[in-house]
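These values consider heavy atoms only, across backbone and side chains, with no hydrogens, waters or symmetry-generated copies.
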Amino acid sequence: PERHANSNYVHPDVISALMASGLRSEVAGALDLSVLRYSNVWEDHAVLSAGLDVKPDDDVLSITSSGDNALNLLLAGEPRSVTAIDMSRAQNAVMELKLAAIRHVPSHHDFLTLLGLDGTSQQRLDLYTSLKPYLPRSSLSYFDSNLAVIQNGLVSSGRLEKYFASFRNDYLYKIVGQCDIDLLFDAQDLEKQQEIFRSFPFDNLKQSFLEFFTSDRLATEGRDPAQMKYIGDFNTGEHMWSRFLTVVNTIPTHNNFYLSWYLRGPAVKTHTVSPYLDEKNFDRLRSLVDRVSVVTDSLETHLQHCSNHTTFSKANLSDIFEYMSEDHSHAMFRALAAKCRPGGRLAYWNLFARRLPPDELLKNQKLKSLTEMARLLHCQDRVYYYSSFHVEEVAMSSN
């Protein structure tokens with residue numbers, strides 16, 4: 001997409017300082033970037049959209065992951081541009097495939113079939129073959145070498161999604177009947193929902209969380225040891241159980257497709273879906289998709305190599321600070337504050353590691369933490385396991 005110069009010019013001295021700092025990703029060298037880690041975005045699009053408040057004159061920077069929220073932000077505010085960035089060629093291949101499909105598949109049903117939400121393995125392969133001429137070489141190479149991702153259903157093929165499936169099959173369904181889980185999602189009010197949940201074998205369910213979601217198992221099966229480097233002695237199992245209890249008891253399940261996919265898998269039809277998957281949004285998404293560009297790079301390198309005039313106004317940063325030392329995260333906040341336009345916003349989650357901007361950015365009013373708004377949004381977060389949600393606003397002036 002065309003890059004728009006804007007009046008909120010970033011002084012060359014600021015960019016030079018960033019370049020001289022030599023910021024390099026701490027995690028990139030430790031991760032196998034050919035592994036598809038996420039085939040869905042497990043961050044509530046509604047929380048993110050409310051926090052960023054995207055407008056038509058915004059230029060959005062978004063961590064790609066599997067692309068869901070880059071596309072959801074495109075729908076939410078119809079911004080001028082969305083730049084989806086990820087260091088993983090596998091994650092960006094998923095995004096490129098979705099973009100090609102949105103542009104070229106005959107129907108919304110074909111889009112769902114390609115992703116593994118309908119249809120057969122052969123139908124998915126046929127759709128992929130029809131899209132090959134529209135894929136960048138790197139994405140084509142990834143999928144040609146990993147056809148099982150297409151055949152088995154893209155939305156189920158991420159490392160984290162397979163980990164969640166193991167929890168369902170090896171633990172959850174041996175404790176709670178699938179019919180009882182369905183009843184939990186059929187409840188139309190919180191009182192009925194809580195009543196159904198109280199009928200579940202509480203002690204056994206808690207024990208399953210404590211056994212399955214240890215830091216060791218998360219590191220070796222669900223995530224990667226490099227992604228768990230900075231959590232210290234954080235009790236991940238207790239945290240996951242505590243957050244699960246909170247969400248099941250305080251947030252309606254009947255429209256929580258995140259929790260449904262987690263407890264029942266993506267094959268079960270839900271009352272609501274991610275906006276980019278909603279049939280009523282498909283034509284509009286198709287009309288907007290050319291505003292999206294995809295960058296395969298670390299965020300650190302991208303920020304340093306952008307030209308002085310290439311800034312953004314809103315940023316979805318996922319939980320990237322989780323994988324950084326506190327000093328490195330502080331350097332990243334400084335770089336982001338320098339490149340984000342005045343009045344812009346940065347949104348991110350904390351999971352197991354607490355990461356916040358350095359004090360001097362807040363004291364010097366370069367950033368303003370929208371603490372109460374973010375706290376209230378986190379209370380509505382349908383993805384149960386995050387510790388906190390944060391929104392930082394960039395100062396309107398460079399005082």
Under 3.5 Å, is there a donor-acceptor pair linking the side chains of [X] and [Y]?
X	Y	answer
Ser325	Glu26	yes
Asn72	Ser274	yes
Asn92	Thr64	yes
Asp126	Gln122	yes
Thr253	Asn256	no
Ser66	Asp68	yes
His45	Arg382	yes

NZ/NE/NH1/NH2 to OD/OE distance under 4.0 Å, [X] and [Y]:
X	Y	answer
Lys192	Glu195	yes
Arg223	Asp319	yes
Asp290	Arg103	yes

Side chain of [X], backbone of [Y]: donor and acceptor closer than 3.5 Å?
X	Y	value
Arg124	Gln151	yes
Thr83	Leu61	no
Asp86	Ser65	yes
Ser199	Ile196	yes
Thr129	Leu125	yes
Glu392	Leu362	no
Asn69	Glu43	yes
Glu322	Leu351	yes
Ser242	Glu238	no
His328	Tyr323	no

Report yes if the distance between the aromatic ring centroids of [X] and [Y] is under 6.0 Å, otherwise no.
X	Y	value
Trp241	Phe212	no
Phe244	Phe213	no
His239	Phe352	yes
Phe209	Phe167	yes

With a 4.5 Å cut-off on side-chain heavy atoms, are [Y] and [X] touching?
X	Y	result
Pro358	Arg334	yes
Leu112	Glu279	no
Leu277	Phe257	no
Ser138	Thr296	no
Leu377	Asp44	no
Val82	Ser293	no
Phe197	Gln193	no
Leu127	Ile150	no

Would [X] and [Y] show up in the same hydrophobic cluster when neighbours are defined by side-chain heavy atoms closer than 4.5 Å?
X	Y	result
Val149	Leu147	yes
Leu33	Tyr38	yes
Leu183	Tyr173	yes
Phe200	Val268	no
Leu114	Val41	no

From [X] [atom1] over to [Y] [atom2], what is the distance, rounded to the nearest 0.5 angstrom?
X	Y	atom1	atom2	value
Leu36	Ser88	CG	OG	7.5 Å
Leu154	Leu117	CG	CG	9.0 Å
Asp53	Leu73	CG	CG	11.0 Å
Tyr348	Phe389	OH	CZ	9.5 Å
Arg345	Leu52	CZ	CG	7.5 Å
Leu210	Gln207	CG	CD	5.5 Å

Atom of [X], atom of [Y] and distance for their closest heavy-atom approach:
X	Y	value
Leu370	Glu393	CD1-OE2, 4.1 Å
Gly158	Ser39	N-OG, 3.0 Å
Ser329	Phe321	CB-CD2, 4.0 Å
Met332	Leu303	CE-CD1, 4.0 Å
His254	Ala187	CB-O, 3.4 Å

Salt bridge (Lys or Arg N to Asp or Glu O under 4.0 Å), that's the test. Do Glu372 and Arg375 meet it? Break it down for me.
CA-CA 5 Å; Glu372 183 60 13; Arg375 185 189 68 79; 2.6 Å; yes

Taking atom [atom1] of [X] as the centre, report whether more than 12 heavy atoms of other residues, nucleotides or ligands fall under 6.0 Å from it.
X	atom1	result
Arg354	CZ	no
Gln123	CD	yes
Glu191	CD	no

Go through Lys55 and Asp57 one step at a time and tell me if the salt bridge (Lys or Arg N to Asp or Glu O under 4.0 Å) criterion holds.
CA-CA 6 Å; Lys55 304 293 186 185; Asp57 61 348; over 6 Å; no

Using a 6.0 Å distance limit plus a 45 degree cone around the ring axis, check whether Arg286 lies over the aromatic ring of Phe111.
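So Arg286 doesn't make the cation-pi contact.
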
Report the C-alpha separation of Tyr262 and Arg168 in whole Å, then their side-chain angles, then the decisive distance to 0.1 Å, and conclude whether the side chain to side chain contact (heavy atoms under 4.5 Å, CB included) test is met.
CA-CA 8 Å; Tyr262 175 73; Arg168 290 193 298 272; 5.5 Å; no

I would like to know whether Phe333 and Leu356 meet side chain to side chain contact (heavy atoms under 4.5 Å, CB included); could you show each step before the answer?
CA-CA 8 Å; Phe333 276 115; Leu356 299 172; 5.5 Å; no

Assess whether side chain to side chain contact (heavy atoms under 4.5 Å, CB included) is satisfied between Tyr142 and Leu97, documenting all intermediate values.
CA-CA 11 Å; Tyr142 172 77; Leu97 182 63; over 6 Å; no

Report the C-alpha separation of Arg355 and Asn350 in whole Å, then their side-chain angles, then the decisive distance to 0.1 Å, and conclude whether the side chain to side chain contact (heavy atoms under 4.5 Å, CB included) test is met.
CA-CA 7 Å; Arg355 294 289 183 263; Asn350 281 179; 4.0 Å; yes

